[in-house]
Number of protein chains: 2
Amino acid sequence: MSLPHAILTALLEKPSSGLELTRRFDRSIGFFWSATHQQIYRELGRLEASGHIRALPQAGPARGQKKEYEVLPAGRAELERWTAEGADPRAVREPLLLRLRAAAVVGTAGLDTELQRHLALHRAKLDDYLEIERRDFPPGRAADENRLQHAVLRAGIGLETFWVEWLTETLSALPEY
Amino acid sequence: MSLPHAILTALLEKPSSGLELTRRFDRSIGFFWSATHQQIYRELGRLEASGHIRALPQAGPARGQKKEYEVLPAGRAELERWTAEGADPRAVREPLLLRLRAAAVVGTAGLDTELQRHLALHRAKLDDYLEIERRDFPPGRAADENRLQHAVLRAGIGLETFWVEWLTETLSALPEY
DNA sequence: GGCGGCTATGCAACTAGTTGCATAAAGGCT
DNA sequence: AGCCTTTATGCAACTAGTTGCATAGCCGCC
């Protein structure tokens, strides 16, 4: 049950419409909790029905028009409750590792290409993250008021760095088959 | 659509019953593709219906009795097909990072304890993995015939190492709030 | 001989996430 | 005016994963 809380957090940071949220999920929140626009619209409907958020009043027709939402006190309270509660880390679920294990049984054809492709993807994402860090968290600022946001970004950087290193290592071991 | 392929791989490694598979998913395959016994039994039923696996003949009553499965040629072919095909890396989905971001908005109460708890969990898992590595992949063996399995385990070790380091770092930055 | 615990399989109902498509306003373009 | 693209919201149907519980054989034990 994390999606509603991801949306509440996003809306507290800045009231938005469904499509704006979708874009923010593609750019920042989605780096560690991805969601499609379908999930977001549906969840916005539920959050509104349960009194956690409300649509800001607007003129004009409903269909095809932007609909902005803001968080109500009940929504903030729910987010506080959820933030204080614990949850175990998610089990890893990565098809590439499954493929490696399958390849050990049925053969390694095409594996090299696939690893190369993943390496390029992870390198690109790592560069993205480093660029964001350079822009939003320059080394000069000593009294950092956004320490938590930075910690989250550092997690993304650390994970992508891990994948790049692991893929490089694994690729260099593979040709010996 | 990875679960059926995870099961095919497991059954090729060794024909098993549903419960045996469940245990192996808790111990080894589940490290990178977790599944409950419910998912496994349901998927075994589907794989049998589609002719990818078959139940080994057995005496005695059906209910409450162990039922072993083995992979049929069609199943192996399907696994080969799937292994050669590509799939993008999964987006990260980690509630803890969401919590950090939410805490930046609604307050950090209880966050320290939660990070400590995660650190302990990741340390334990890392120790598990290192123990398995020590047991199954001792440094002496130069001509390693299980390179792929070892690579998969190294991925688990790398990921847990990352989390331990990141949590330690983040915890040391947190008290300054 | 009946009770508790373990092994084993499985159904039903639910929640979460994905995919494909429909609808409609607004603005440019020719 | 007619058409195309972009922005914007949303329904319906599907696949995947989770939770709770039911059933049944087997074994020890007291």
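Each chain gets a letter, A, B and so on, in the order the sequences are listed, and its residues count up from 1.
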* Asked: Roughly how far, to the nearest 0.5 Å, is the CD1 atom of B:I132 from the CZ atom of B:R27?
  -> 9.5 Å
* Structure fact -> Comparing B:G18 with A:R46, nearest DNA chain C nucleotide closer to 5' gives the residue B:G18
* Between the side-chain atoms of A:Q38 and the base atoms of C:dG17, is any donor-acceptor pair under 3.5 Å? -> no
* Ignoring backbone atoms, establish whether A:R93 has a side-chain N or O less than 4.0 Å from OP1 or OP2 of D:dA16. => no
* Structure fact -> Rounded to whole Å, the CG-P distance (A:L3 to D:dT18) equals 16 Å
* Structure fact -> Whole-Å distance, B:D26 CG to C:dA8 P, equals 14 Å
* Inter-residue atom distance A:W163.CH2 - B:L159.CG, 0.5 Å rounding -> 5.0 Å
* Asked: For the side chain of B:R42 and the base of D:dT18, is some donor closer than 3.5 Å to an acceptor across the two?
  -> yes
* So, is A:K67 close to the D:dG10 phosphate, meaning a side-chain N or O under 4.0 Å from OP1 or OP2? -> yes
* **Minimum-distance nucleotide to B:W33 side chain [options: D:dG10, D:dG17, D:dT7]** => D:dG17
* Asked: Parallel, tilted or perpendicular: which describes the rings of B:H122 and B:H118, with under 30° parallel and over 60° perpendicular?
  -> tilted
* For atom NZ of A:K66 and atom P of C:dG27, their distance in whole Å -> 13 Å
* Asked: Can you name the closest pair of heavy atoms from B:H37 and B:T22 and give their distance?
  -> CB-OG1, 3.4 Å
* Structure fact -> In whole angstroms, the gap separating P of C:dC6 from NE2 of B:H37 amounts to 16 Å
* **B:Y41 OH - C:dT7 P separation (whole Å)** => 12 Å
* Between C:dG17 and A:Q39, is there an OP1 or OP2 to side-chain N/O distance shorter than 4.0 Å? -> yes
* Taking every non-hydrogen atom, the tightest pair across A:A74 and A:G51 -> CB-O, 3.7 Å
* To do: Mind calculating the distance between CE (B:M1) and C1' (D:dG17) to the nearest angstrom?
  => 15 Å
* Over how many whole Å does the gap from A:E20 atom CD to D:dT7 atom C1' extend? -> 11 Å
* To do: Looking at every strand, decide which applies to B:R90 at a 4.0 Å heavy-atom threshold: base, sugar-phosphate, or nothing.
  => nothing
* Is there a donor and acceptor pair, one atom on the side chain of A:E43 and one on the base of C:dG17, closer than 3.5 Å? -> no
* Whole Å only: how far is the CZ atom of A:F25 from the C1' atom of C:dG17? -> 13 Å
